[in-house]
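Dropping a structure here in structure tokens format, bear with me for questions.
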Amino acid sequence: MSKTYRSVRKRLALAWLLALCCAVAIAEESFLKQRQEMINVIKLGVRGSQRFLDKGALDEKVLDAMLKVPRHEFVPEDQIPYAYDNRPLPIGYGQTISQPYIVAVMTDLLNLEKGDRVLEIGTGSGYQAAILAELTNAVFTIEIIEGLGRQAKERLKKQGYSNVQTLIGDGYYGWPSESPFEAIIVTAAASHIPPPLIKQLKPGGRMIIPVGSRFMVQHLVLVTKDADGKVTTRQILPVSFVPLTGEH
């Protein structure tokens, strides 16, 4: 191989690498703009549902987490063009990733602190777990569908979320060996609030869960447990989620 040929190949390889880097940078800038627009839509939605939420704006740290996490990395390839639309998207196995507005509202209602231990029921694509991982140091997430759980674990690992632990199992029973938790979030609708989850909620903790059947009205319910262990519930707003599955 002549020196001239090697030199040409080297220049072509360098040009290809520069072009690739440029394309990646342009794509990332586009996704960032889409996330910024998504945040604006969430803010409008919160103002529009103020009577349900008793507040007109979400915690800025929640919005910062939503802005940082690349939602397009947590959806199937054919859904990437719609990743930042404010609507649920299919992720396979008959499941969906929740609309960004709902993710933001549910996260905000947990009032997370950095040192909190959070349990998520229904890992799905891993997106909600990634948002939680931006806000606290320890996230435990359970997915009953093995294929989804394995995919989510790989996505979370790829994005560098070492503070998320995953488990394949029936989330109705929680994760007793890691309890209690300062916060619990359930991302599928249950017909009732699972007693094992109430038990695993730490005094002073909060749980957010959609309650209702698939073909009836569901409501997002905030569950709180005071320092004496007394549990209270409050309906927040009507929602629509896939049902919580399992053998319970």
| query | Mind checking whether Thr233 and Val211 have side chains closer than 4.5 Å, heavy atoms only? | reply | no

| Between Ser125 and Gln95, does any side-chain donor sit less than 3.5 Å from a side-chain acceptor? |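 No.
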
| Considering all heavy atoms, the nearest Gly94-Val242 contact | O-CG1, 4.1 Å

| said: Is any side-chain heavy atom of Leu220 closer than 4.5 Å to one of Phe52? | reply: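 No, side chains not in contact.
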
| query | According to a 4.5 Å side-chain heavy-atom criterion applied to Ile, Leu, Val, Met, Phe, Trp and Tyr, with indirect links allowed, do Leu44 and Leu237 form part of one hydrophobic cluster? | reply |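 No: no chain of side-chain contacts under 4.5 Å links Leu44 to Leu237.
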
| Atom CD1 of Ile91 and atom OG1 of Thr96: how far apart are they, to the nearest 0.5 Å? | 6.5 Å

| message | Given 3.5 Å as the limit, does a donor-acceptor pair link the side chain of Asp228 with the main chain of Lys230, or not? | response | no

| task | Could you tell me whether the side chain of Arg117 and the main chain of Glu178 form a donor-acceptor pair under 3.5 Å? | result | yes

| field | Heavy-atom side-chain contact between Gln159 and Glu73 under 4.5 Å | value | yes

| field | Expected output: side-chain Thr141 to main-chain Leu119 donor-acceptor under 3.5 Å | value | no

| message | Keeping Gln128 on the side-chain end and Val186 on the backbone end, is there a donor-acceptor pair under 3.5 Å? | response | no

| message | Just verifying a value: how many Å separate Leu110 CG and Leu222 CG, rounded to the nearest 0.5 Å? | response | 8.0 Å

| query | Which pair of heavy atoms, one from Ile131 and one from Ala65, lies closest together, and at what distance? | reply |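 Here Ile131 and Ala65 meet closest at CD1-O, 3.7 Å.
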
| query | If every non-hydrogen atom of Glu143 is compared with every non-hydrogen atom of Gly122, which pair is closest and at what distance? | reply |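 Shortest heavy-atom separation between Glu143 and Gly122 comes out as OE1-C, 3.6 Å.
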
| Leu201 side chain near Thr224 side chain, heavy-atom distance below 4.5 Å | no

| task | Kindly check if the number of other-residue, nucleotide or ligand heavy atoms within 6.0 Å of NZ (Lys153) is above 12? | result |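 Open: at most 12 neighbouring heavy atoms sit under 6.0 Å from NZ of Lys153.
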
| said: Give me the atom names and distance for the closest heavy-atom approach of Val239 to Pro210. | reply: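 Residues Val239 and Pro210, closest heavy atoms: CG2-CB, 4.1 Å.
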
| Closest approach of Ile142 and Gly174, non-hydrogen atoms and distance? |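 Shortest heavy-atom contact: CD1-O, 3.3 Å.
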
| said: Does the structure place the NZ or CZ of Arg71 under 6.0 Å from the centre of the six-membered ring of Tyr127, at an angle of no more than 45° from the ring's axis? | reply: yes

| Are the side chain of Asn86 and the backbone N or O of Ile42 linked by a donor-acceptor pair below 3.5 Å? |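 Checking the backbone N and O of Ile42 against the side chain of Asn86, no donor-acceptor pair under 3.5 Å is found.
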
| Ion pair Asp85/Arg87, N-O distance below 4.0 Å |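 Yes, Asp85 and Arg87 are salt-bridged.
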
| query | Below 4.0 angstrom, N of the basic side chain to O of the carboxylate: do Glu37 and Lys33 qualify? | reply | no

| said: Parallel, tilted or perpendicular: which one describes the rings of His72 and Phe31, with boundaries at 30° and 60°? | reply: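 Parallel.
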
| query | Are Val139 and Ile168 joined in one hydrophobic group, where the rule is that I, L, V, M, F, W and Y side chains link up if heavy atoms are under 4.5 Å apart? | reply |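 Shared cluster, no.
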
| Hey, does Tyr172 have a side-chain heavy atom less than 4.5 Å from the side chain of Pro196? |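 They are in side-chain contact.
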
| remark: From the list Thr187, Leu197, Ile209, side chain to side chain contact (heavy atoms under 4.5 Å, CB included) with Ile121 holds only for Leu197

| Heavy-atom count around Lys158 NZ within 6.0 Å, excluding the residue itself: above 12? |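 Check fails, neighbour count at 12 or below.
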
| query | Say you draw a straight line from CE of Met207 to CE of Met106; how long is it, rounded to the nearest 0.5 Å? | reply | 11.0 Å

| query | From Leu63 CG over to Ile39 CD1, what is the distance, rounded to the nearest 0.5 angstrom? | reply |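 It is 5.0 Å, given to the nearest 0.5 Å.
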
| For the side chain of Gln79 and the backbone of Pro90, is there at least one donor-acceptor N/O pair under 3.5 Å apart? |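 No, the answer is negative, given that no donor and acceptor are paired below the 3.5 Å cut-off.
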
| query | Considering only heavy atoms from C-beta outward, does the side chain of Leu67 approach that of Gln36 to under 4.5 Å? | reply |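 The answer is yes; the side chains approach within 4.5 Å.
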
| Crowded around Lys55 NZ? As in, over 12 foreign heavy atoms under 6.0 Å? |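 Atom NZ in Lys55 is crowded, with more than 12 foreign heavy atoms closer than 6.0 Å.
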
| note | CZ of Arg47 to CG of Leu53, rounded to nearest 0.5 Å, is 12.5 Å

| query | Given the rule that I, L, V, M, F, W and Y join up when any side-chain heavy atoms are under 4.5 Å apart, are Tyr173 and Ile193 in one cluster? | reply |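 Result: yes, single cluster for both.
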
| query | Has the side chain of Gln218 got a donor or acceptor atom that lies under 3.5 Å from a matching backbone atom of Phe241? | reply | yes

| said: Keeping Asp59 on the side-chain end and Asp108 on the backbone end, is there a donor-acceptor pair under 3.5 Å? | reply: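 Not confirmed, Asp59 side chain does not pair with Asp108 backbone.
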
| query | Hey, is the main chain of Leu112 close enough, under 3.5 Å, to the side chain of Lys61 for a donor-acceptor pair? | reply |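 Between the backbone of Leu112 and the side chain of Lys61 there is a qualifying donor-acceptor contact (under 3.5 Å).
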
| said: Are there over 12 heavy-atom neighbours, none belonging to Lys68, within less than 6.0 Å of that residue's NZ? | reply: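 Check fails, neighbour count at 12 or below.
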
| message | Ignoring hydrogens, what is the shortest heavy-atom contact between Gly212 and Ala189? Give both atom names and the distance. | response | O-CB, 3.6 Å

| Spacing of OG1 belonging to Thr245 relative to CG belonging to Asp170, to within rounding of 0.5 Å |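 That separation rounds to 7.0 Å.
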
| Same cluster for Tyr82 and Val41 if Ile/Leu/Val/Met/Phe/Trp/Tyr side chains link at under 4.5 Å? | no

| message | Just checking Arg150: does its CZ atom have more than 12 heavy atoms from other residues, nucleotides or ligands closer to it than 6.0 angstrom? | response |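 Check fails, neighbour count at 12 or below.
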
